[in-house]
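Here the structure is laid out as structure tokens; the discussion comes afterwards.
Counting starts at 1 for both ligands and their atoms, following the listed order.
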Amino acid sequence: MDKSNNQITVTSPLLPPLEEFIPYLQEIWDSKWITNNGQFHQKLEQALCEYFGIKYISVFTNGTLPLITALQALNVKGEVITTPYSFVATTHSIWWNGLQPVFVDVDPKTGNIDPDKIEAAITPRTTAIMPVHVYGNPCDVERIDALAKKYNLKVIYDAAHAFGVRVPLRHPERSEGSHSDTSILNFGDVSTLSFHATKTYTTIEGGALVCHSAEMKQKIDYLKNFGFEDEVTVVAPGINSKIDEVRAAFGLVNLKHVDDAIEHRHRMVNAYREGLKEIKGITFFEDMPGVRHNYSYFPIFVDEKEYGISRDALYTKLKENGILSRRYFYPLISEFSPYRSYASAIKENLPVANKMADSVICLPLHAGLSDEDVNRVLNCIKR
Ligand SMILES: *Cc1c(COP(=O)(O)O)cnc(C)c1O
């Protein structure tokens with residue numbers, strides 16, 4: 001994170017101006033209400049609903065517990081179809097519910113679970129699908145939701161990367177007002193978000209679970225508070241995953257800055273794309289028609305034969321030049337020891353995901369990155 005040594009970091013947290021945050025701290029100190037559904041917790045939920053154009057959100061202390069709680073709230077049993085090309089928390093949440101993950105290969109155009117391959121993985125024990133909007137690229141939500149309907153499956157979208165992503169509207173009934181697009185969070189049974197320090201929008205640690213009914217929101221609120229319905233009633237073995245007032249207030253302040261941050265990221269991504277388009281053996285995603293992207297990551301894929309050196313060699317070269325990139329996602333979740341013995345984890349079942357994991361590098365991208373930084377990265381890749 002220290003610029004004095006001339007290092008370019010892969011990420012850097014979105015921090016609001018300190019002077020904007022201090023009055024909130026004063027208010028929290030004065031009130032002596034520091035957690036347990038305080039005013040900033042409630043205000044953050046309201047502000048996020050307005051920002052996204054959604055009806056129900058429950059904020060959490062991180063982005064993993066909403067995944068775990070979602071499966072519990074939806075009473076998911078047996079097998080859950082998911083993607084190996086994600087952060088390990090996605091599959092961990094399935095494990096924590098005593099369920100079996102079933103890995104399905106991804107689509108090379110997006111990095112997301114391939115809807116064409118989902119049907120073949122459905123068995124009588126399948127009860128849910130847990131796709132991920134990887135890098136903020138929206139999944140084929142229409143097809144996934146249709147498959148779920150056909151087979152009576154729940155859909156839990158891990159939208160940890162998809163803060164602020166909007167897709168063109170095909171179902172006007174989902175719209176809020178006059179928008180021609182809608183939040184990606186309006187699909188599936190529920191979606192989860194992460195507000196971790198490395199994400200586009202952050203509450204330091206934090207996350208949320210988005211749902212579509214007041215009953216589900218109530219259930220989730222109980223589950224994130226030990227299962228308490230009231231002082232003397234526990235409805236289920238819930239966990240403690242409430243966010244505190246300090247981080248909720250931090251989130252309220254940061255929400256005012258996230259659109260500027262996304263705009264800056266967009267400019268940096270355009271500069272990367274412009275600089276990389278002539279380089280043989282380096283490919284990257286383009287924007288999808290009608291989608292409001294959030295530019296949360298800039299993954300590139302290295303074809304060793306065409307580019308001349310391997311992905312790992314480029315990764316090391318960048319590092320030697322003071323540029324910290326990240327092999328994200330590598331290794332695949334299906335390669336980690338808790339999961340590699342599953343039948344669906346074998347490489348032959350996941351050729352596209354394996355190829356992506358072996359060729360990907362996420363380049364530095366954050367709200368503090370400068371044009372000069374991008375040029376330094378580009379020059380290093382070009383040399
Ligand atoms: C970051 C992330 C999570 C976990 O979020 P935390 O807030 O770190 O617990 C889950 N899924 C994906 C895809 C992520 O990138």
Side-chain angles (χ1 to χ4, degrees), residues 10-14 44 48 57-72 80-97 101 103-104 106 110-113 128-139 141 144 155-165 184-185 188 190-210 224 239-244 247-248 250-251 254 258 265 285 293-299 326-336 338-339 353 356-357 360 362 365-366:
V10 66
T11 182
S12 179
L14 181 64
L44 180 60
L48 288 169
I57 194 166
S58 185
V59 292
F60 277 64
T61 194
N62 61 45
T64 301
L65 286 161
L67 284 166
I68 293 175
T69 302
L71 291 163
Q72 185 184 12
V80 180
I81 289 173
T82 190
T83 168
Y85 195 72
S86 179
F87 182 61
V88 72
T90 310
T91 305
H92 280 349
S93 72
I94 297 169
W95 186 94
W96 275 100
N97 277 274
F103 297 109
V104 164
V106 298
T110 59
N112 291 329
I113 195 165
I129 312 174
M130 185 179 272
V132 180
H133 304 297
V134 159
Y135 308 128
N137 288 341
C139 288
V141 287
I144 292 170
V155 181
I156 301 103
Y157 285 108
D158 180 343
H161 297 182
F163 188 98
V165 171
I184 195 69
L185 304 172
V190 297
S191 297
T192 69
L193 290 160
S194 166
F195 307 149
H196 184 256
T198 55
K199 306 297 205 271
T200 302
Y201 166 82
T202 178
T203 59
I204 305 172
E205 292 269 358
L209 183 39
V210 174
K224 80 173 182 193
I239 192 101
N240 176 11
S241 39
K242 310 178 298 289
I243 199 168
D244 57 83
R247 284 182 292 147
F250 183 97
N254 238 359
V258 68
R265 286 167 171 274
F285 297 118
H293 288 275
N294 65 2
Y295 309 97
S296 52
Y297 300 90
F298 189 68
R326 190 174 174 195
R327 288 166 290 190
Y328 196 65
F329 295 100
Y330 167 84
L332 290 179
I333 301 176
S334 47
E335 293 295 310
F336 289 127
Y339 307 117
M356 289 181 74
V360 71
C362 283
L365 184 60
H366 52 83

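For ligand 1, the atoms sitting less than 4.0 Å from at least one non-hydrogen atom of T90 are 11 (N), numbered in the order shown with element in parentheses. Below 4.0 Å from some heavy atom of S86 lie the following atoms of ligand 1, by number and element: 13 (C). Counting the atoms of ligand 1 from 1 in the order shown, those under 4.0 Å from a heavy atom of K199 are 1 (C), 2 (C), 14 (C), 15 (O).
Ranking the protein heavy atoms by distance from atom 9 (O) of ligand 1 puts T64 OG1, 2.6 Å first. What sits closest to atom 3 (C) of ligand 1 on the protein, heavy atoms only, is F87 CD2, 3.8 Å.
Between Y85 and Y135, the angle of the ring planes goes over 60°, which puts this pair in the perpendicular group of the 30/60° scheme.
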Self-check item: Candidate pair I239 and I68, rule side-chain contact (heavy atoms from CB on, under 4.5 Å), full reasoning
Solution: CA-CA 10 Å; I239 192 101; I68 293 175; 6.0 Å; no
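Under 4.0 angstrom from ligand 1, the non-hydrogen atoms of Y328 all belong to its side chain. Within the 4.0 Å heavy-atom criterion, the part of H161 lying near ligand 1 is the side chain and not the backbone.
With hydrogens and angles ignored, the 3.5 Å screen pairs no side-chain donor or acceptor of N62 with any backbone N or O of H196. Side chain of R265 to backbone of S296: a donor-acceptor contact under 3.5 angstrom is found. Between the side chain of T61 and the backbone N or O of G206, no donor-acceptor pair lies under 3.5 Å. N137 places no side-chain N or O within donor-acceptor distance of the main-chain N or O of N112, the cut-off being under 3.5 Å. Within the 3.5 Å criterion, the main-chain N or O of M130 finds no donor-acceptor partner in the side chain of D158.
Nearest residue to atom 5 (O) of ligand 1 from A208, A162, S194 is S194 (criterion: closest heavy atom). Evaluated by nearest non-hydrogen atom to atom 14 (C) of ligand 1, the leading choice among S296, A160, A159, G207 is A160.
For the pair G206 and ligand 1, a heavy-atom separation below 4.0 Å is found.
A ring-centre distance under 6.0 Å is found for Y201 and F195.
Considering backbone and side-chain N/O of D158, one or more are found under 3.5 Å from N/O of ligand 1.
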